[in-house]
Amino acid sequence: MKYFAVLLPLLDKAKSDQFRPQHLSFLESMRNEGHVVANGRFTDGTGGLVIYKANSYEECETLVQQDPFIKEEARRYEIREWDAVFA
């Protein structure tokens with residue numbers, strides 16, 4: 001499995017606020033399935049970061065595109081493969 005850092009910059013604050021509960025529920029289900037390692041929002045309000053585990057970039061992108069934030073155009077996404085080092 002590979003790790004991917006997914007940046008979720010804000011596109012529409014009203015939509016982001018509206019779809020936040022669905023987004024968090026989606027992330028919880030992805031965590032339960034072993035696809036999400038960590039997530040959180042940036043304190044400056046510009047978006048957030050999700051660390052996904054997937055076999056490939058394409059698999060990660062397929063998962064990201066299911067996120068209500070992306071489906072409802074509240075956020076855009078940028079995926080970067082991440083060579084993770086854990087303590």
> In chain order, what residues pass the side-chain hydrogen bond (donor to acceptor under 3.5 Å, both in side chains) check against Glu61, with sequence neighbours excluded?
Replying inline: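 Here the qualifying residues are Tyr77.
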>> According to side-chain hydrogen bond (donor to acceptor under 3.5 Å, both in side chains), who are the partners of Gln18, at least two apart in sequence or on a separate chain?
In response: none
Which atoms form the tightest heavy-atom contact between [X] and [Y], and what is the distance?
X	Y	result
Ala74	Ser16	CB-N, 3.6 Å
Ala5	Leu49	CB-CD1, 4.0 Å
Ala54	Cys60	CB-N, 3.8 Å

With sequence neighbours left out, write down each residue that passes side chain to side chain contact (heavy atoms under 4.5 Å, CB included) with [X], or none if nothing qualifies.
X	result
Glu72	Phe19
Asp17	Lys13
Thr62	Gln66

> Same hydrophobic cluster for Val37 and Phe26, using side-chain heavy-atom links shorter than 4.5 Å among ILVMFWY?
Replying inline: no
>> In this structure, would Leu63 and Ile79 fall into the same cluster of hydrophobic residues linked by side-chain contacts under 4.5 Å?
In response: yes
Between [atom1] of [X] and [atom2] of [Y], what distance do you get to the nearest 0.5 Å?
X	Y	atom1	atom2	result
Ser29	Leu24	OG	CG	11.0 Å
Arg75	Ile70	CZ	CD1	8.5 Å
Ser56	Met1	OG	CE	10.0 Å

> Which pairs count as ring pair (Phe, Tyr, Trp, His ring centres under 6.0 Å) when at least one residue sits in residues 50-73, sequence neighbours excluded?
Replying inline: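 Only His23-Phe69 qualify under ring pair (Phe, Tyr, Trp, His ring centres under 6.0 Å).
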> With side chains defined as the heavy atoms from C-beta onward, is the minimum distance between Lys53 and Lys2 less than 4.5 Å?
Replying inline: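 They are not in contact (no side-chain heavy atoms under 4.5 Å apart), so the answer is no.
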> Within a strict 4.5 Å, meaning less than it, do heavy atoms of the Val50 and Leu27 side chains meet?
Replying inline: yes
Taking only distance into account, with no hydrogens and no angle test, what donor-acceptor pairs under 3.5 Å do side-chain atoms of residues 38-48 form with protein atoms, sequence neighbours excluded?
from, atom 1, to, atom 2, distance (Å)
Asn39, OD1, Arg31, NH2, 2.1
Asp44, OD1, Thr46, N, 3.1
Asp44, OD1, Thr46, OG1, 2.7

For residues 80-87, which side-chain N or O atoms pair as donor and acceptor with protein atoms under 3.5 Å away, sequence neighbours left out?
from, atom 1, to, atom 2, distance (Å)
Arg80, NE, Glu78, OE2, 3.0
Arg80, NH2, Glu78, OE2, 2.4

> Has Glu73 got more than 12 heavy atoms of other residues, nucleotides or ligands less than 6.0 Å from its CD?
Replying inline: no
